[in-house]
2 protein chains.
Amino acid sequence: MRAGVSVGTVSRVLAGELSVKTALRDRVQDAIDALSYRPNVMARALRTSTTDVIGLIVPDITNPFFSQMAASAERAAFEYRHSLMLASSHNDREAEQSHISAFLDRSVRGIIIVAANVSHSAHVKTKVPIVSLDRRFADFPLISINHAEAAALVADHFYELGHRRIAYIAGPADTEAGRARREGFVDRIRALDAKAELEIFSGRFDYESGEVIARRLLAQPPNMRPTAIAAASDQQAIGVLRAARDLGLDVPGALSIAGFDDIHLANLVVPRLTTVRQPTDQLARRAVELLLEKALEPGDEALSASLVIRGSTAPPPPDQAGDQPTEGPKSPQQE
Amino acid sequence: MRAGVSVGTVSRVLAGELSVKTALRDRVQDAIDALSYRPNVMARALRTSTTDVIGLIVPDITNPFFSQMAASAERAAFEYRHSLMLASSHNDREAEQSHISAFLDRSVRGIIIVAANVSHSAHVKTKVPIVSLDRRFADFPLISINHAEAAALVADHFYELGHRRIAYIAGPADTEAGRARREGFVDRIRALDAKAELEIFSGRFDYESGEVIARRLLAQPPNMRPTAIAAASDQQAIGVLRAARDLGLDVPGALSIAGFDDIHLANLVVPRLTTVRQPTDQLARRAVELLLEKALEPGDEALSASLVIRGSTAPPPPDQAGDQPTEGPKSPQQE
DNA sequence: CTGAAAGCGCTTACAG
DNA sequence: CTGAAAGCGCTTACAG
């Protein structure tokens with residue numbers, strides 16, 4: 001070695017062991033700097049069978065919510081001096097499994113999974129810590145917002161504005177988020193006013209799904225159709241916005257719309273979308289932190305989301321407000 | 001070993017060497033399957049100093065164009081039995097460099113870089129093949145579309161529709177794409193009609209940039225403002241759309257708008273955006289293929305883009321069409 | 001055709 | 001406090 005010491009000593013200096021005498025340490029450090037020496041990651045990994053990379057698997061990197069999540073996770077990983085390796089499962093269970101295997105083969109430090117939509121009970125046996133983010137994977141601890149509580153925020157908002165004829169566009173029932181948001185919203189509306197008219201529809205979380213459902217929904221005569229629509233995702237809500245525009249319906253004058261997630265785009269559509277803000281930075285950071293803890297705690301963690309009120313929600317039109325036709329009970333669910 | 005052979009032989013079977021006798025090979029393969037043995041990637045990498053991972057660095061994974069690029073690259077890598085490791089540079093030169101170093105440390109098979117916006121002449125000396133994608137990095141070979149040719153397609157379209165008072169919102173002048181698109185558009189318009197009024201503005205590639213510029217531009221009286229605006233990115237164009245909407249301007253009735261890239265969202269805004277489709281799949285695939293070739297060829301490659309005509313472009317309003325005020329030359333550039 | 005052995009570049013007990 | 005040595009799990013000349 002340039003500094004005339006053994007490789008073992010260099011390794012100790014690199015590891016920051018205090019057992020190495022200061023003078024020697026400085027000399028070695030100088031040599032390291034002078035040669036701009038970088039330890040071989042592979043050799044280290046082979047020896048210790050662990051690395052500084054955290055694997056992240058998202059269902060679809062093309063989805064703005066997940067790409068923001070990925071950006072946040074990368075930032076958090078970086079702060080903890082780790083790298084992030086990102087993979088996209090295309091909502092495909094097999095791809096998800098093969099990505100997990102690939103990560104495990106590389107002996108990553110840990111894996112964060114936003115589970116694919118398809119419900120499944122995978123069995124992954126490994127010493128590598130795994131946490132689920134936003135959508136639970138198998139039975140690994142989950143970091144997410146409290147979906148039900150967050151969805152109830154939207155219900156409160158609609159109710160306070162005076163809406164009593166409301167539609168909810170739910171996410172897939174095979175996702176916890178889809179179910180919890182729906183339940184949170186529906187329960188709160190019912191709790192506030194058992195007589196409020198509430199229609200529920202189920203779809204996927206994407207733009208098209210919201211648009212298709214809204215188009216059908218809004219084709220009804222004004223006194224029949226909802227004065228407010230809450231969606232389980234911003235993408236759905238933007239689809240609704242689009243349908244409303246196509247039908248010449250003023251938002252929020254004739255129809256209020258609220259989304260969920262606060263993706264970047266929510267603040268760019270016209271009108272800007274009232275929505276629930278997911279604290280993606282905090283969620284991603286917690287996932288990273290949990291992974292890095294010596295002993296991975298088994299419990300789930302739920303963070304709080306917040307309501308962001310923007311231009312897409314307002315009181316119902318005057319001729320509709322408070323009118324509570326007792327035309328008999330409507331079928332409350334219709335999926 | 002379970003099959004009673006040496007590790008060397010196992011290694012040869014795994015490598016598919018034909019020198020191993022068929023009977024032995026089958027026996028070993030059975031043992032491999034039975035134990036579901038997976039070779040240690042780290043050890044292999046240490047020995048051969050190469051891996052099956054391709055590193056991809058994009059300026060901002062949150063930008064839909066890049067996330068689609070990433071998805072395409074991952075698919076292409078997968079087809080060639082490689083994994084993709086994705087990093088986001090946040091348009092920061094230092095982060096970009098540190099990601100390159102991290103990839104090199106992991107002895108990746110190759111690196112694909114969509115360069116950060118900031119112009120710079122990095123010096124990376126390595127045996128690892130590197131290609132630039134979409135935006136050139138240092139002096140590494142570039143895979144991109146022919147931006148000038150593609151932008152000219154939009155110019156042709158506007159001209160054919162009858163627009164003669166046109167604005168162009170350019171991308172950053174410190175990017176090749178920004179410059180080439182602008183040049184392609186401007187040259188074509190000038191070539192078609194030297195008297196056509198053409199105003200040029202420069203901005204960033206994002207939503208806000210388009211919106212801000214358009215707001216100013218469209219505040220002018222109808223006979224002064226352009227009848228068509230071409231933008232250097234879909235995000236800018238969507239910003240323009242938004243400004244037009246806020247000002248109560250009908251698109252495409254009073255104003256035609258065209259974007260560039262054909263991000264997913266372009267087909268979801270109202271009206272749907274006329275734009276230039278980048279063949280992201282092919283671009284990403286070519287980048288991967290180039291990387292995997294034994295000898296990386298130094299030349300650039302340009303693919304062709306195509307015009308996608310949708311609802312945001314139409315002939316100019318009748319009272320504006322063909323009116324060619326000879327009110328003297330306007331200042332052609334104004335940035 | 002197949003085995004024994006060297007060696008990739010580290011980390012970490014084990015001596016001293 | 002520091003060095004010499006073993007060993008992580010592969011691949012690949014080198015023998016035979």
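Values in this document were obtained by computation on a predicted structure and should not be read as measured data. Letters go in sequence order (proteins before strands), and every chain restarts at 1.
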Task: Exercise: do A:N63 and A:Q235 side chains pair donor with acceptor under 3.5 Å - done: yes
- [ ] Would you mind building the protein contact string for nucleotides 7-16 of chain D? One character per nucleotide, 5' to 3', B for base within reach (heavy atoms under 4.0 Å), S for sugar-phosphate only, - for untouched.
- [x] BBBBBBB---
Task: side chain to side chain contact (heavy atoms under 4.5 Å, CB included), paired with B:R136, selected from B:I113, B:L142, B:V131, B:V114 - done: B:L142
Task: Identified side chain to side chain contact (heavy atoms under 4.5 Å, CB included) counterpart of A:I111 within the set A:L104, A:L291, A:T126 - done: A:L104
Open item on the list: Looking at every heavy atom in both A:E293 and A:R286, which two are closest together, and how far apart are they?
Closed with: OE2-NH2, 4.0 Å
Task: For DNA chain D, stems built from three or more consecutive Watson-Crick or G-U wobble pairs below 3.5 Å - done: C:1-3 with D:14-16, C:5-12 with D:5-12, C:14-16 with D:1-3
Task: Rounded distance [0.5 Å steps], CZ in B:R38 versus CD1 in B:I32 - done: 12.0 Å
TODO: Report the distance from atom CE of B:M69 to atom CG of B:L133, rounding to the nearest 0.5 Å.
DONE: 4.0 Å
Open item on the list: Does any part of the side chain of A:F205, heavy atoms only, come nearer than 4.5 Å to the side chain of A:T175, both counted from C-beta?
Closed with: yes
